[in-house]
Amino acid sequence: MTQRAELLIFRNIRSFDPAQGLDETGDVVVEAGRITRMGPDAAGDLADAPGARVVDGTGRWLLPAFVDLHAHLREPGQEYKEDIASGLAAAAAGGYAHVCVMPNTKPVNDTRAVTEMMLRRAAECGGARLHPIGAITLGQAGQELTEMAELREAGAVAVSDDGVCVMSSAVMRRALEYARNFDMPVIQHAEDHELTAGAAMNEGAVSTRLGLRGWPRVAEDIIIARDVLLAEYVGARYHVAHISTRGAVRIIREAKARGLPVTCEVTPHHLLLTDAAVIGYDTACKVNPPLREEEDAAVLREALADGTIDAVATDHAPHSPLEKDCEFREASPGLMGLELCFGLLLETFGQGKAPARLVEALSTRPARIAGIEPPALREGATAELVLIDPEARWVPGATPLQSKSRNTPFLQRELQGRVLMTLADGRVVFEAPEVSR
Ligand SMILES: [Zn+2]
């Protein structure tokens, strides 16, 4: 188990927290797991106190720790890919204090017993804090609703059948009505399965060239459009997982303009890659929804920058070589991403500048969507912080990773911006050797 930070001083560090209007350089003092002092020379002579640990902040950033709305930690059932301990360690190494975990485990998290088991395991592990997402329907079969009241009481923060779409409009309507009672978001994996039957990648020029069956953009858009209408009709919160198309952005932008409680997330790979990455049949690039075209990625980047897209979520989906070292058609979809997310994003969205929008998208807004107290840089707050070296260049794979899996096309890519230390719930849950210099 990790220890509470009794007296930890970040000296002369640049701190950002757009929710507090904060961008200043000074000291940040953590005592007994709480932020107690902030500002130029705020540490004073505390640095000489017995047991004080001082971290040199020169050239570094301190941000509110991140919150992931979408990860697959594979326990129970597929612990050879990942388990709660390795997944929460990977999250901590990625700068996350909170991880919301999808219910498509074996068995599915559709009961209080599974939700409670996950929370018990997480409490033994340390690392980031785990928040279960319960299933919408029993066995994620799309028919019968789960007992959302029990899932909520046991600690679920949202419901989703992620991995499969709730195809029935009637079931989706009842799910929205039921979840509304607890102010829980219903998270949709938007995919019309009849339009995507047998698909291995995005439908377009590249799928034609490769002779692979395509997953058309409209299969995502059609479900989001329907769900927005349902959410409006019943007056419920609706959140779209991993949006990937220009059409999805347009529908959500319109819904927000009309004041509907609709939110969405995007993954780093949909922001940065296109279906051209599939040309070598690299199964590490097989993901659901699939990598789209440059126009989609460009629209997603713009929508993230202007706030139409609320959050960046990793959709951390670890797989072993068993699921990936095979024919493209047969390979399981998904990328691992908890440890790479920040390094992938900084170059595109924050390089050299204040990473204000990134902090919102990685921390404040996802926390609000999941009903988690947002990590904050202010005196009195529980220390949930991430220490960043914005200049550090590193290569995932060359630098040790905590996840059990390695399924990502970014494995040998040089990334900029490295997480050096993460605090969750007042505890240091991750520390890179470079912290002390
Ligand atoms: Zn999904």
Side-chain angles (χ1 to χ4, degrees), residues 68-74 77-78 81-82 87 99-106 108-110 131-137 139-142 156-167 171-172 175 185-197 199-202 215-224 226-227 238-245 247-249 251-252 262-271 273 284-292 296 300 309-319 323 331-338 341 366 369-370 405 407-408:
D68 193 6
L69 284 171
H70 192 144
H72 302 272
L73 300 192
R74 306 302 191 201
Q78 293 185 311
K81 299 180 181 183
E82 195 79 285
V99 196
C100 303
V101 302
M102 284 298 176
N104 61 337
T105 45
K106 293 181 180 176
V108 167
N109 181 13
D110 57 4
H131 302 273
I133 295 172
I136 296 173
T137 62
Q140 297 191 292
V157 293
V159 286
S160 179
D161 274 358
D162 185 59
V164 282
C165 183
V166 178
M167 285 284 285
V171 171
M172 191 61 182
V186 175
I187 303 177
Q188 177 71 292
H189 168 112
E191 171 181 2
D192 184 321
H193 292 291
E194 292 183 0
L195 285 170
T196 65
M201 65 172 298
N202 178 57
W215 193 138
R217 292 190 305 271
V218 70
E220 177 170 328
D221 305 350
I222 215 164
I223 296 294
I224 299 172
R226 177 203 73 178
D227 288 351
Y238 173 63
H239 179 82
V240 196
H242 46 50
I243 69 166
S244 70
T245 69
V249 168
I251 296 163
I252 288 161
V262 169
T263 54
C264 69
E265 70 194 30
V266 69
T267 70
H269 43 277
H270 288 110
L271 291 166
L273 296 177
C285 296
K286 184 171 177 183
V287 65
N288 189 3
L291 301 174
R292 303 289 185 187
D296 298 291
L300 292 170
I309 296 176
D310 298 87
V312 174
T314 64
D315 194 2
H316 177 76
H319 287 296
E323 292 83 23
S332 298
L335 274 68
M336 49 88 80
L338 282 165
C341 186
I369 289 166
S405 292
N407 55 303
T408 166

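We count ligands from 1, going down the list as the structure has it; atoms in each ligand are counted the same way.
Here 3 is the count of protein N, O or S atoms positioned under 2.8 Å from the Zn ion (ligand 1), waters not counted.
At least one side-chain heavy atom of Arg226 sits less than 4.5 Å from a side-chain heavy atom of Met172. Between Lys81 and Asn407 there is no side-chain heavy-atom pair separated by less than 4.5 Å. For the pair His269/Leu291, a side-chain contact is recorded, criterion being any heavy-atom separation below 4.5 Å from C-beta on.
Checking each of Leu69, Val266, Asp162, Asn288 against His242 for a side chain to side chain contact (heavy atoms under 4.5 Å, CB included) leaves exactly one that passes, namely Asp162.
For the ring pair (Phe, Tyr, Trp, His ring centres under 6.0 Å) test, residues two or more places apart in sequence or in another chain that qualify with His131 are His98.
Here CE of Met201 is found 10.0 Å from CZ of Arg292. Values are rounded to the nearest 0.5 Å.
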